[in-house]
A.B. asks: 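My structure is below; once you've seen it, I'll send some questions.
Predicted model only: the values in this text are computed from it and were never measured. Within every chain, numbering begins at 1; the chains are lettered A, B, ... in the order of the sequence lines, protein sequences first and strands thereafter.
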2 protein chains.
Amino acid sequence: MGARAPRPGVPVRGSESGRPVMAALDLLGRRWTMRILWELSQAPTGFRELQRRCERMSSSVLSTRLDELTGARLLTLHSDGYHLTPLGQDLVEALSPLDAWSRRWARETDNAAAED
Amino acid sequence: MGARAPRPGVPVRGSESGRPVMAALDLLGRRWTMRILWELSQAPTGFRELQRRCERMSSSVLSTRLDELTGARLLTLHSDGYHLTPLGQDLVEALSPLDAWSRRWARETDNAAAED
DNA sequence: GATAGTGATTCGAAAATCGAAGCAAGGGAT
DNA sequence: ATCCCTTGCTTCGATTTTCGAATCACTATC
């Protein structure tokens with residue numbers, strides 16, 4: 001349970017500045033991180049079920065990510081599984097335009113493929 | 001120049017479904033990807049300068065990412081450097097709430113640290 | 001021709017991720 | 001109590017990704 005998650009105000013990979021957004025980009029740019037947040041925004045979920053929903057992500061990485069996100073105060077673990085904190089919910093809301101964007105991306109990718 | 005970038009409509013890591021948002025989460029969850037988009041949203045930038053701005057990210061990964069993002073039609077290369085396409089600009093706009101969120105995160109992290 | 005800048009590749013080393021197996025704890029049910 | 005099942009989570013060897021310094025091929029300028 002190491003506290004090696006990026007935090008705002010601390011140098012992170014790719015930025016000595018400590019700018020908060022750089023810490024966020026480091027945290028979110030790790031494999032499965034955004035996916036975990038995405039899944040938890042649907043419903044609180046236990047460890048093994050979370051692993052199932054992410055199509056068998058490795059348990060060791062899941063454990064590491066849950067540590068990081070808990071350390072970043074975006075998650076908490078209760079009896080009914082992992083929850084987003086209010087801060088974590090805000091993050092998911094901040095990321096929510098991604099869904100609409102990705103559909104536009106899909107449309108344009110189809111169009112481009114049709115032209116090739 | 002492999003075409004191994006995630007694309008909407010195709011199974012990606014963690015999702016066989018081909019749901020566009022899953023492809024987006026896979027693409028964006030690779031190291032440096034969001035940071036590159038973030039830097040390019042400020043100004044078109046050449047390969048070496050991009051590497052400098054990201055505090056010496058390795059050139060091999062930069063090259064791979066630029067391939068992926070170009071293949072995903074989010075970037076193009078012109079004489080004055082790499083540009084976001086309109087689609088890429090939309091993506092950065094979709095991600096822009098992250099900046100405000102990260103500042104809130106920083107505030108709450110400070111508060112929490114003060115309580116400990 | 002020499003020098004310097006560019007985008008990009010190579011390749012051995014280091015770090016991150018994978019995944020199957022297993023551990024310890026907590027219920028039920030018998 | 002024992003057996004059985006599920007849980008959150010760890011271990012560890014194998015695989016994949018990332019690193020980073022050197023280098024290539026090309027262009028422009030002198």
Side-chain angles (χ1 to χ4, degrees), chain A residues 1-6 11-16 22-23 25-37 39-40 43-72 74-84, chain B residues 1-6 11-16 22-23 25-37 39-40 43-72 74-84:
Chain A
M1 42 192 74
R4 53 213 173 341
V12 294
R13 183 173 46 204
S15 175
E16 302 296 326
M22 293 303 162
L25 292 179
D26 184 3
L27 182 66
L28 298 177
R30 299 178 177 196
R31 200 154 296 168
W32 297 111
T33 301
M34 286 190 290
R35 175 65 179 272
I36 290 169
L37 293 169
E39 292 295 337
L40 288 181
T45 313
F47 187 98
R48 277 170 131 99
E49 157 125 23
L50 201 45
Q51 190 179 9
R52 261 174 246 127
R53 285 205 207 165
C54 294
E55 278 161 73
R56 316 208 149 279
M57 130 179 63
S58 89
S59 55
S60 47
V61 176
L62 177 54
S63 186
T64 302
R65 293 292 172 270
L66 290 172
D67 270 2
E68 291 168 356
L69 291 170
T70 301
L74 307 183
L75 301 185
T76 54
L77 172 59
H78 292 157
S79 57
D80 58 341
Y82 285 92
H83 281 260
L84 293 179
Chain B
M1 45 192 72
R4 55 211 172 337
V12 295
R13 183 172 50 204
S15 175
E16 302 296 325
M22 293 303 162
L25 293 179
D26 184 4
L27 181 65
L28 298 177
R30 300 179 176 195
R31 202 151 295 167
W32 298 112
T33 301
M34 286 190 290
R35 175 63 179 273
I36 290 169
L37 293 168
E39 292 295 338
L40 287 180
T45 313
F47 186 99
R48 279 169 130 99
E49 158 128 22
L50 202 44
Q51 190 180 8
R52 261 174 246 127
R53 285 205 207 167
C54 294
E55 279 162 72
R56 316 206 147 279
M57 128 179 66
S58 89
S59 57
S60 47
V61 177
L62 177 53
S63 186
T64 302
R65 293 292 172 270
L66 291 172
D67 268 3
E68 290 168 356
L69 291 171
T70 301
L74 306 184
L75 302 185
T76 53
L77 173 59
H78 292 158
S79 56
D80 58 341
Y82 285 92
H83 281 259
L84 293 179

A.B. asks: Find which nucleotide of DNA chain D each of B/Arg48 and B/Ser60 is nearest to by heavy atoms, and output the residue with the more 5' nucleotide.
C.D. replies: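 By nearest-heavy-atom nucleotide position, the 5'-most residue is B/Ser60.
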A.B. asks: Checking the side chain of B/Thr64 only, and the main-chain atoms of B/Ser60 only, is there a donor and an acceptor separated by less than 3.5 Å?
C.D. replies: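 A pair under 3.5 Å: yes.
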A.B. asks: Please check the phosphate of D/dG20 (OP1 and OP2 only) for any side-chain N or O of B/Ser59 closer than 4.0 Å.
C.D. replies: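 For D/dG20, neither OP1 nor OP2 has a side-chain N or O of B/Ser59 closer than 4.0 Å.
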A.B. asks: For B/Arg31, answer base if it contacts any base atom (sugar-phosphate contacts may also be present), sugar-phosphate if it contacts only those atoms, and nothing otherwise; contact means non-hydrogen atoms under 4.0 Å.
C.D. replies: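 The residue B/Arg31 makes sugar-phosphate contact but no base contact.
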A.B. asks: Does the D/dG8 base have a donor-acceptor partner in the side chain of A/Ser63 within less than 3.5 Å?
C.D. replies: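 Looking at the base of D/dG8, it does not pair with any donor or acceptor on the side chain of A/Ser63 (distance under 3.5 Å).
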A.B. asks: Just how far, in rounded Å, is P of D/dG8 from OH of A/Tyr82?
C.D. replies: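 So the OH-P distance, A/Tyr82 to D/dG8, works out to 7 Å.
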A.B. asks: Output the rounded distance in Å from CG (A/Asp26) to C1' (C/dA16).
C.D. replies: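 Interatomic distance, CG of A/Asp26 to C1' of C/dA16: 13 Å.
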A.B. asks: What's the shortest heavy-atom distance between A/Cys54 and A/Glu39, and which atoms?
C.D. replies: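 Nearest pair, atom of A/Cys54 first, then A/Glu39: SG-CG, 4.0 Å.
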A.B. asks: For A/Met34 and B/Gly29, which heavy atoms make the closest approach, and how far apart are they?
C.D. replies: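 Scanning both residues, the minimum pair turns out to be CE-N, 4.0 Å.
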A.B. asks: Closer to the 5' end of DNA chain D via nearest nucleotide, is it B/Met57 or A/Gly81?
C.D. replies: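 Its nearest nucleotide being more 5', the pick is A/Gly81.
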A.B. asks: Between C/dT6 atom C1' and B/Leu62 atom CG, what is the distance in whole Å?
C.D. replies: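 To the nearest whole Å, that distance equals 13 Å.
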A.B. asks: For the residue pair B/Arg53 and B/Arg35, what are the closest heavy atoms and their distance?
C.D. replies: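 B/Arg53 and B/Arg35 have their closest heavy atoms at O-NH2, 3.0 Å.
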A.B. asks: For A/Trp32 and C/dA16, is the shortest distance between a side-chain N/O and OP1 or OP2 below 4.0 Å?
C.D. replies: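 Result: no.
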A.B. asks: Give the minimum heavy-atom separation between B/Tyr82 and B/Leu40, together with the two atoms involved.
C.D. replies: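 Heavy atoms of B/Tyr82 and B/Leu40 come nearest at O-CD2, 3.5 Å.
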A.B. asks: For D/dT18, does either OP1 or OP2 sit under 4.0 Å from a side-chain N or O belonging to B/Arg30?
C.D. replies: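 Negative; the distance criterion is not met.
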A.B. asks: Separation of B/Arg65 atom CZ from D/dT18 atom C1', in whole Å?
C.D. replies: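 So the CZ-C1' distance, B/Arg65 to D/dT18, works out to 8 Å.
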A.B. asks: Over how many whole Å does the gap from B/Leu77 atom CG to D/dC26 atom C1' extend?
C.D. replies: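 About 14 Å, once rounded to whole Å.
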A.B. asks: Are A/Ser58 and C/dT17 close enough that a side-chain N or O sits under 4.0 Å from OP1 or OP2?
C.D. replies: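 The answer is no; no side-chain N or O of A/Ser58 sits under 4.0 Å from OP1 or OP2.
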A.B. asks: If I take atom CG in residue B/Leu69 and atom P in nucleotide C/dG7, what distance separates them, rounded to the nearest angstrom?
C.D. replies: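 Rounding to the nearest Å, CG of B/Leu69 and P of C/dG7 are 16 Å apart.
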A.B. asks: I need the CG-P distance between A/Asp67 and D/dT11, as an integer number of Å.
C.D. replies: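 Distance, rounded to whole Å: 12 Å.
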A.B. asks: Under 4.0 Å between a side-chain N/O of B/Arg52 and OP1 or OP2 of C/dT6, yes or no?
C.D. replies: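 Affirmative; the distance criterion is met.
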